[in-house]
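Okay, so here's the structure we're looking at.
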Amino acid sequence: MKLIEQFYCIQTEIFGNGSEKINNSIASIKTELIRPVIKFLDESENSTSPERKTYRKQITAKPSEDDYFNISELLFLSKTYGFEIEEHAIYKGYYTSVLKINKLYDCPGEITLIEQEGKEYMMIEFKRWQFEYQPRGAGEDFFGEDVTYVLGIWENPLLTDKIIAKIKNNRY
């Protein structure tokens, strides 16, 4: 398991009039980014091939649903990859990943498994709106939350076969 601390990132800020500001740069983990497109760097610090397969899953645990992580899997991920979890205040047995650096991070994190050029990567990210008064309903903002916090990216992540199957939404 290798932590990737820097990556090539294309950030796109979309303004109310439809215009865009695009920023291409090398970015770091544990940074807030605006609508990022992330590409990995090779040893020469060139971005790698864009061809990849990605699988995404919300980082939550529900006690009786096989498609979600169970609490022991969530605890394993939390301890291994360094994020916090909390039990839901109303629904007992329902746990979610949390990020407390800004109160606008009110949704669970997302785990992404990436297969690219024969390698496997995993990314953990949390998303939020840039401002408190931004739209919240479907259709109000077609693109969704605009700020992404990349907690980490790992090459050859330490994951169990069951966790991989759940991320890929395969039956095990």
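What you see is a predicted model, and the numbers here were worked out from it, not measured in a lab. The basis for the numbers below is simple: all heavy atoms, side chains too, and nothing from hydrogens, waters or symmetry mates.
Environment of NZ in Lys21: sparse, with no more than 12 heavy atoms of neighbouring residues, nucleotides or ligands closer than 6.0 Å.
Using a distance-only test at 3.5 Å, with no hydrogens or angles considered, no donor-acceptor pair links the side chain of Thr80 to the main chain of Leu77. Side chain of Glu155 to backbone of Glu120: no donor-acceptor contact under 3.5 angstrom is found. Of the possible polar contacts, none joining the Ser78 side chain to the Phe76 backbone as a donor-acceptor pair under 3.5 Å is found.
The existence of a salt bridge linking Glu86 and Lys100 is confirmed by a sub-4.0 Å separation between a basic side-chain nitrogen and an acidic carboxylate oxygen. Lys162 and Glu73 are not joined by a salt bridge, as no carboxylate oxygen comes within less than 4.0 angstrom of a charged side-chain nitrogen. Between Glu32 and Arg128, at least one side-chain nitrogen of the basic residue sits less than 4.0 Å from a carboxylate oxygen of the acidic one, meeting the salt-bridge criterion.
Trp154 and Tyr81 have perpendicular rings, their planes meeting at more than 60° on a 0 to 90° scale where under 30° would count as parallel. Between Tyr94 and Tyr91, the two ring planes are perpendicular [angle over 60°; tilted spans 30° to 60°].
Contact detail for Ile59 and Ile111: the closest heavy-atom pair is CG1-N, 3.7 Å. Minimum interatomic distance between Asn70 and Lys166 (heavy atoms only, all atoms of both residues): N-NZ, 3.9 Å.
Contacts of Tyr105 classified as ring-ring contact (aromatic ring centres under 6.0 Å, His included), with partners at least two apart in sequence or in another chain: none. Applying the ring-ring contact (aromatic ring centres under 6.0 Å, His included) test to Tyr55 and every residue at least two apart in sequence or in another chain returns nothing. Checked against ring-ring contact (aromatic ring centres under 6.0 Å, His included), Tyr149 has no partners two or more places apart in sequence or in another chain.
Side-chain contact check for Arg56 and Thr112: at least one donor-acceptor pair (N or O, by modelled atom type) lies under 3.5 Å.
Residues Tyr121 and Phe40 place their aromatic rings such that the two centres sit under 6.0 Å apart.
Here the side chains of Val150 and Phe126 are not in contact, with every heavy-atom distance at 4.5 Å or above.
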